Amino acid sequence: SQPGPDERAEAIFAAHLPDHTGKDHDLARYRGKVLVVNFWATWCAPCVEEMPGFIRLQDKYRDRNVVFVGVALDDPDSVGPFMQKMGVSYPVLTAEAAGYELLKAAGDSKGVMPYTLLIDRSGAVAQTRSGIFRESELDQALASLM
């Protein structure tokens, strides 16, 4: 059975994941903000394709309590150099293979990436997207939550 919207958000807020340097991050710290959580990998072409739009939108909405968080289902050693090359301006955490359990708990039963959740300030899932989340569509979705 698919998890309900609140269960998906709670799975995200319950997660503690390291960044590519090994520093642990508690996703509960983003409660009360508009949160865009994107599951991706360096080897996933559609994931890489949508990333520049995410970078631009993070910059656009940074001062409006919107936070993008990438969850890389990937080798931490490849994530750091990749982030630097792409100019990623938002936190990217690494989950390696164990991240697939979080991905499922977040509502992606098929494990297809990229997978993005948009969580509103109240902590409810406002929208999910399997596959590329086009910049213009995500911009509209974020604007509607302001």
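Remember, predicted model here, so these are calculated numbers, not experimental data.
Between the side chain of Tyr30 and the backbone N or O of Val36, no donor-acceptor pair lies under 3.5 Å. Using a distance-only test at 3.5 Å, with no hydrogens or angles considered, no donor-acceptor pair links the side chain of Thr42 to the main chain of Val79.
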Query raised in the report: Given the rule in the side chain to side chain contact (heavy atoms under 4.5 Å, CB included) test, do His25 and Asp19 qualify, once you have shown the distances and angles that lead to the verdict?
Result: CA-CA 7 Å; His25 293 261; Asp19 62 23; 3.0 Å; yes

Query - Residue pair Lys60, Leu142: steps toward the side chain to side chain contact (heavy atoms under 4.5 Å, CB included) verdict - result: CA-CA 10 Å; Lys60 177 179 179 176; Leu142 288 169; over 6 Å; no

Requested in this report: Under the side chain to side chain contact (heavy atoms under 4.5 Å, CB included) rule, what do Ile55 and Val88 come out as? Steps first, then yes or no, please.
Outcome: CA-CA 6 Å; Ile55 294 166; Val88 176; 4.2 Å; yes

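Heavy-atom minimum distance, Phe68 versus Gln58: N-OE1, 2.7 Å. Heavy-atom minimum distance, Gly131 versus Glu50: O-OE1, 3.8 Å. Gly111 and Leu103 get closest at one heavy-atom pair: CA-CD2, 3.7 Å. Looking at every heavy atom in both residues, Ser78 comes nearest to Asp74 through OG-OD1, 3.3 Å.
Separating the CD atom in Glu49 from the CD atom in Glu135 is a distance of 12.0 Å, to the nearest 0.5 Å. Expressed to the nearest 0.5 Å, how far CD of Gln140 lies from CD of Glu137 amounts to 7.5 Å. Taking CG of Asn65 as the start and CE of Met146 as the end, the distance is 8.5 Å to the nearest 0.5 Å. The structure places CG of Leu138 at 8.0 Å from OH of Tyr61, a figure rounded to the nearest 0.5 Å.
Phe82 has its ring centre less than 6.0 Å from the ring centre of Trp40.
Between Tyr90 and Val69, every side-chain heavy-atom pair lies at or beyond the 4.5 Å cut-off. Residues Met86 and Val48 meet the side-chain proximity criterion, which asks for heavy atoms closer than 4.5 Å. Annotation: side chain of Val92 is not in contact with side chain of His20 (no heavy-atom distance under 4.5 Å). In this structure the side chain of Thr128 reaches within 4.5 angstrom of the side chain of Arg8, judged on heavy atoms. Between Leu93 and Leu27 there is a side-chain heavy-atom pair separated by less than 4.5 Å.
In this structure, Asp59 does not pair ionically with Arg56, as no charged nitrogen and carboxylate oxygen lie closer than 4.0 Å.
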Which pairs would a plain distance check flag for residues 115-126, meaning a side-chain donor or acceptor within less than 3.5 Å of a matching protein atom at least two apart in sequence or in another chain?
unit_1: Tyr115; atom_1: OH; unit_2: Ala106; atom_2: O; d: 3.0
unit_1: Thr116; atom_1: OG1; unit_2: Asn38; atom_2: ND2; d: 2.8
unit_1: Asp120; atom_1: OD1; unit_2: Ser122; atom_2: N; d: 3.0
unit_1: Asp120; atom_1: OD1; unit_2: Ser122; atom_2: OG; d: 2.7
unit_1: Asp120; atom_1: OD1; unit_2: Gly123; atom_2: N; d: 3.1
unit_1: Asp120; atom_1: OD1; unit_2: Ala124; atom_2: N; d: 3.0
unit_1: Arg121; atom_1: NH1; unit_2: Leu145; atom_2: O; d: 3.2
unit_1: Arg121; atom_1: NH2; unit_2: Arg64; atom_2: O; d: 2.8

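The side-chain contact (heavy atoms from CB on, under 4.5 Å) test with Phe39 is passed by exactly one of Asp108, Val112, Leu102: Leu102.
By the criterion of side-chain heavy atoms lying less than 4.5 angstrom apart, applied directly or through intervening Ile, Leu, Val, Met, Phe, Trp or Tyr residues, Ile132 is not grouped with Phe54; the two fall into different hydrophobic clusters.
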